[in-house]
Amino acid sequence: MQFLKLPRLLMPHMRRIHHSLQPMPSQTTYKFDSIDDAVAIFHRMVEMHPLPSIVEFTKILGMIAKMRYYATAINLYTQMECKGVVPFTVTFNILINCFCHMGRLDLAFSIMGKILKWGCRPNVVTFTTLMKGLCVNDKMVDALYIYDEMVAKGIRFDDVLYGTLINGLCKSKTVKPRGAIQLLQKMEGQLVRPNLVMYNTIVHGLCKDGRINEARVLCSKMIVQGIFPDIFTYSSLIYGLCRAGQRKEVTSLLNVYCVNNKVDEARELFNVMIESGEQHDVINYNILMNGYCLNNDVDEAKNLFHMMIKRGEQPDIITYTILMHGYCLSDKVDEARRLFHVMIERGLVPDVWCYNVLIKGYCKINRVDEAMNLLEDMFLKNLVPNIITYNSVVDGLCKSGGIMDAWKLVDEMYYCGQPPPDVTTYNILLESLCRIEHVDEAIALFKRLIFERSFAPNVWSYNILISGCCKNRRLDEAMNLFNLMCFKNLVPDIVTYNLLLDALCNGQQLDKAIALLKYQILEQGISPNMQTYNILINGLHKGGRPKTAQKMAQHLFIRGYHPDVYNQ
DNA sequence: AAACGGGAGT
C-alpha cells in the first residue's frame, strides 16, 4: 500500500497554494500537425541559447500528453531536465498524468518526491490528477481511503475533484454508481455543492447499469435542488429507457408479460426535451433510433431519421451505422446495403464499424460471398479489418458449411497475425463443430489449441463444449468439463448451470438438479434467470412432481426472482 | 500558462 503515504506528503502543501514562485506567463501558442512536428520543435528548443522559458517547454509537453503520446512526453522531459531546464509544478502535473495513463501509478507517485526535491509545491491539480490516476487504474479503494483521510484532516476539495471521484466510482467495476451516490451524500456537510456534471455522471452510470428507476429518482432530487436536466441528462435517460426496454421476458410463474414498452417512454422523454426547447443534437437522435432498432422497429427509426433531417440535424456516420444495423437485425440486408451507398453519396466515409455491420448482416443470411466481397472492398479502401470483422466472417463461413474455409482463414490470422485470432474466434470454431454434432472433434480441437496455440479458454468456451456434450446425452463428460473449468479457476455462469440443470432434468435426475440449484447456484450468489426457472419447473412437471414444482416456483420467487426485480 | 469532471453504435 505504497500509495497511502501520499496524504502525509501532500497535506502540508494543500492548505495554501503558492503562486509567488511560479514562472511568468507567456502569450506564445503552438500548433502542430503531427507528433513529429511537436517533437522536432521540442528538440530545437532544447538546443537554443539561451534556453526558452520552462513555460514554453511545459506547453508543448502538455500538448503531447493531450495527443496521448505519454511515453514521448516523459522521454522529452528527461532530455529537457538534462539540459538544465528547471521544471515547475505544472510540468510535474503533466508527468503525473502521463504515468497514470500508462498504468504506472508507482512512477506517478514517485513524482511527488521529485516535486519536493525541486522545491516546488504540489497543488490541487496535482492531487486531482493522482486521484484520477487511481480511478482509471481501478484503485477506487485507495482513492476513497485517501479522500477520507484528507477530509478528516479538514482539507477542502473543489468540484473538479468531486467530479473526478464520482466519475471513477461510476466506472469502477466493483463500486458502481451506488458508491457515487454515497459520496454525493457525504458532500452535504462540505462547501462544494453537487453540480449538474456530478449528477449527470451518476445518472449516466445508473442508466448504463440498467437502473433506470434509480436514475429517475436522482433526477427528481436534482430538480428539487434547482439543478435542471440538460442535453446530457436527457440523452442518458433516453439511453437508459431504451436499454431497459430491450429485455422481453415472459415468466411461467405468474404468466406476467413484461412487454418492452420502455422505448415509448424514451420517445415521450425525447418529445418533452424537444418541446421544452432544450437543445438537441445528433447523439440524441442516434440513441433513440438505436432504441427502436434494437426493438425491431426499424421503421420508426427511419421516421426519426427523416425527422432529424427536416429539423436541420445532419445524420453522421453513426446514424447510418445504427440504421443499417437495424435493417440487418430484421434480415433486410439489401436495404442496409442501399443505405450504405446513400451514405457514401452524401459524402460520408464508411469506417470499419460500418463494414462490420454489413458483413455480419450478410453472414447471418448466409450470403458469405457478399461478406467476402465487402472484406475485399475494405482492403481496397485501406481500411484495416479488426477482430470483429474476421470473427463475423469466420462465423459466416462456418454456418454456411465452409468450415474448411473458416479454418484456412483462422490459420492465416494465426500465422500472419493481423489481427491474430482471439478466444471468440476459436469459440466460433468449437461451436460450429458442436452444432454439426462433432463433439469429439471439438474436444480434440480444444485440447490441441490449448497445447499448440496457448489458447486460453474462457467460460464461454466451456459452455460451448458442455452444451455439445449435453445435447448428445453425454452428461458425464459435461460434468468432467464443468469440474475442469472450476479447477482452472473459471467461474461458471448461469448459462453453464442452465445447461447442466437441463441435462439433469432430461436425464431424470431431478434430485441432483435441485441439489445443484440449492448448494451451488444459490450458494454462490448466482441469480437464476428466466431459463433456469423454465428448465426446473418444466422438468419437475414432466417428472411428475407438480408439488415440488410449485414449491420451487415459490422458492425462486422468494429468492428475488420475479419479473420486476429481474427487469431491474 | 497549464494540469483535473459528464452522452451514442457491431
Side-chain angles (χ1 to χ4, degrees), chain A residues 19 22-30 53-63 65-66 88-98 100 122-133 135-136 157-171 180 192 194-205 207-208 230-240 242-243 280-291 293-294 316-326 328-329 336 351-361 363-364 386-389 391-392:
Chain A
H19 294 289
Q22 307 283 306
M24 291 295 290
S26 94
Q27 297 300 313
T28 329
T29 51
Y30 298 89
S53 114
I54 178 61
V55 172
E56 307 308 323
F57 284 107
T58 304
K59 276 188 202 165
I60 297 176
L61 283 181
M63 292 175 79
K66 268 241 153 73
F88 74 120
T89 304
V90 177
T91 326
F92 291 120
N93 290 348
I94 294 171
L95 294 184
I96 290 175
N97 193 27
C98 287
C100 287
N123 61 20
V124 183
V125 178
T126 317
F127 188 66
T128 310
T129 311
L130 282 171
M131 282 295 217
K132 170 142 197 233
C135 292
V136 300
F157 301 105
D158 65 357
D159 49 351
V160 178
L161 186 118
Y162 275 103
T164 308
L165 275 181
I166 287 172
N167 189 33
L169 287 168
C170 286
K171 297 223 167 98
V192 180
N195 62 23
L196 185 56
V197 173
M198 296 172 200
Y199 276 112
N200 279 350
T201 308
I202 304 178
V203 167
H204 177 239
C207 289
K208 234 186 168 131
D230 68 351
I231 189 165
F232 287 91
T233 331
Y234 279 113
S235 61
S236 294
L237 287 173
I238 292 168
Y239 174 74
C242 288
R243 264 183 58 104
H280 51 92
D281 65 3
V282 188
I283 293 179
N284 280 292
Y285 282 96
N286 286 353
I287 293 170
L288 187 57
M289 279 173 65
N290 194 44
C293 286
L294 295 180
D316 64 6
I317 184 152
I318 297 173
T319 319
Y320 282 98
T321 310
I322 288 169
L323 215 46
M324 282 165 53
H325 182 224
C328 288
L329 281 178
D351 61 3
V352 177
W353 261 334
C354 254
Y355 275 97
N356 285 354
V357 166
L358 273 184
I359 287 176
K360 197 170 179 187
C363 289
K364 192 179 154 214
N386 60 21
I387 189 68
I388 296 171
T389 325
N391 285 348
S392 303

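The figures here come from the full heavy-atom set of this structure, side chains too, leaving out hydrogens, waters and symmetry mates. Each chain gets a letter, A, B and so on, in the order its sequence line appears, and its residues count up from 1.
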J.: Considering every strand and a 4.0 Å limit on heavy-atom distances, what is the contact class for A:Ile287: base, sugar-phosphate, or nothing?
T.: sugar-phosphate
J.: Expressed in angstrom and rounded to an integer, what is the separation of A:Leu95 atom CG from B:dA2 atom P?
T.: 16 Å
J.: So what does A:Ile231 touch, heavy atoms closer than 4.0 Å: a base, only the sugar-phosphate, or nothing?
T.: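 If one applies the 4.0 Å heavy-atom cut-off, A:Ile231 turns out to touch a base.
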J.: Report yes or no: do A:Thr164 and A:Asn167 form a side-chain donor-acceptor pair below 3.5 Å?
T.: no
J.: Taking CD1 from A:Ile94 and P from B:dA3, how many angstroms apart are they, rounded to a whole number?
T.: 6 Å
J.: Name the closest nucleotide to the A:Phe232 side chain, picking from B:dC4, B:dT10, B:dG7.
T.: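 Output: B:dG7.
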J.: What is the distance, to the nearest angstrom, from the CG atom on A:Asn97 to the C1' atom on B:dG5?
T.: 13 Å
J.: Among B:dA8, B:dT10, B:dA1, which nucleotide has an atom closest to any side-chain atom of A:Ile318?
T.: B:dA8
J.: Mind checking A:Thr201 for me? I need base, sugar-phosphate or nothing, with any heavy atom below 4.0 Å counting as a touch.
T.: sugar-phosphate
J.: What distance do A:Lys59 atom NZ and A:Ile94 atom CD1 have between them, rounded to the nearest 0.5 Å?
T.: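 Separation between the atoms: 11.5 Å.
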J.: Can you measure A:Tyr162 atom OH to B:dC4 atom C1' for me and round it to whole angstrom units?
T.: 15 Å
J.: To the side chain of A:Val197, which of B:dG5, B:dG7, B:dT10 is closest?
T.: B:dG5
J.: Looking only at side-chain N and O atoms, does A:Asn123 come under 4.0 Å of OP1 or OP2 in B:dA3?
T.: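 Checking B:dA3 against A:Asn123, no side-chain N or O comes under 4.0 Å of OP1 or OP2.
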J.: Could you go through A:Asn93 and A:Asn123, starting from their C-alpha distance and side-chain angles, then the distance that decides it, and tell me whether this counts as side-chain contact (heavy atoms from CB on, under 4.5 Å)?
T.: CA-CA 9 Å; A:Asn93 290 348; A:Asn123 61 20; 3.4 Å; yes
J.: Name the closest nucleotide to the A:Ser235 side chain, picking from B:dA1, B:dG7, B:dC4.
T.: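 Closest of the options to the side chain of A:Ser235: B:dG7.
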J.: Give A:Asp316 one of three labels, base, sugar-phosphate or nothing, depending on what nucleic acid heavy atoms sit under 4.0 Å from its own.
T.: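 Answer is base: heavy atoms of A:Asp316 come under 4.0 Å of a base.
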J.: Go through the structure and list residues passing side chain to side chain contact (heavy atoms under 4.5 Å, CB included) with A:Ser392, not counting sequence neighbours.
T.: A:Ile359, A:Lys360, A:Ile388
J.: Picking from B:dA8, B:dC4, B:dT10, which would you name as closest to the side chain of A:Asn286?
T.: B:dA8
J.: Rounded to whole angstroms, how far apart are CD1 on A:Ile317 and P on B:dA8?
T.: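 Rounding to the nearest Å, CD1 of A:Ile317 and P of B:dA8 are 17 Å apart.
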J.: Given atom CE of A:Met63 and atom P of B:dA2, what is their separation to the nearest angstrom?
T.: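 Whole-Å distance recorded here is 9 Å.
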J.: Can A:Phe88 be called stacked on B:dA1 when the rule is centres closer than 5.5 Å and an angle between planes below 30°?
T.: yes
J.: Could you go step by step and tell me if A:Phe88 and A:Thr91 meet the side-chain contact (heavy atoms from CB on, under 4.5 Å) rule?
T.: CA-CA 5 Å; A:Phe88 74 120; A:Thr91 326; 3.2 Å; yes
J.: Closest approach to the side chain of A:Ile283, judged atom by atom: which nucleotide of B:dA3, B:dT10, B:dA8 is it?
T.: B:dA8
J.: What is the distance from atom CG of A:Leu61 to atom NZ of A:Lys66, rounded to the nearest 0.5 Å?
T.: 13.0 Å
J.: What nucleic acid atoms does A:Lys208 come within less than 4.0 Å of, heavy atoms only: base, sugar-phosphate, or nothing?
T.: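 Sugar-phosphate only.
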J.: Within the structure, does a side-chain N or O atom of A:Lys66 lie under 4.0 Å from either OP1 or OP2 of B:dA2?
T.: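 Negative; the distance criterion is not met.
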J.: In terms of side-chain heavy atoms of A:Tyr239, which of B:dA8, B:dT10, B:dG7 is nearest?
T.: B:dA8
J.: Considering only side-chain heavy atoms of A:Asn93, which listed nucleotide, B:dA3, B:dA8, B:dG7, is closest?
T.: B:dA3
J.: Return the nearest nucleotide to the side chain of A:Asn195; candidates are B:dG5, B:dA1, B:dA8.
T.: B:dG5
J.: Could you state the CG-P distance from A:Asp281 to B:dA8, rounded to the nearest angstrom?
T.: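 My rounded result for the distance is 12 Å.
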J.: What is the nucleic acid contact for A:Asp230, judged by heavy atoms within less than 4.0 Å: base, sugar-phosphate only, or nothing?
T.: base
J.: Counting side-chain heavy atoms from CB outward, which of B:dA8, B:dA3, B:dG5 is closest to A:Asp159?
T.: B:dG5
J.: State which residues pass side-chain hydrogen bond (donor to acceptor under 3.5 Å, both in side chains) with A:Asn284; sequence neighbours excluded, sorted by chain then number.
T.: A:Asp281
J.: Starting from C1' on B:dA3, measure out to CD1 on A:Ile54 and report it in whole angstrom.
T.: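 Rounded to whole Å, this separation is 13 Å.
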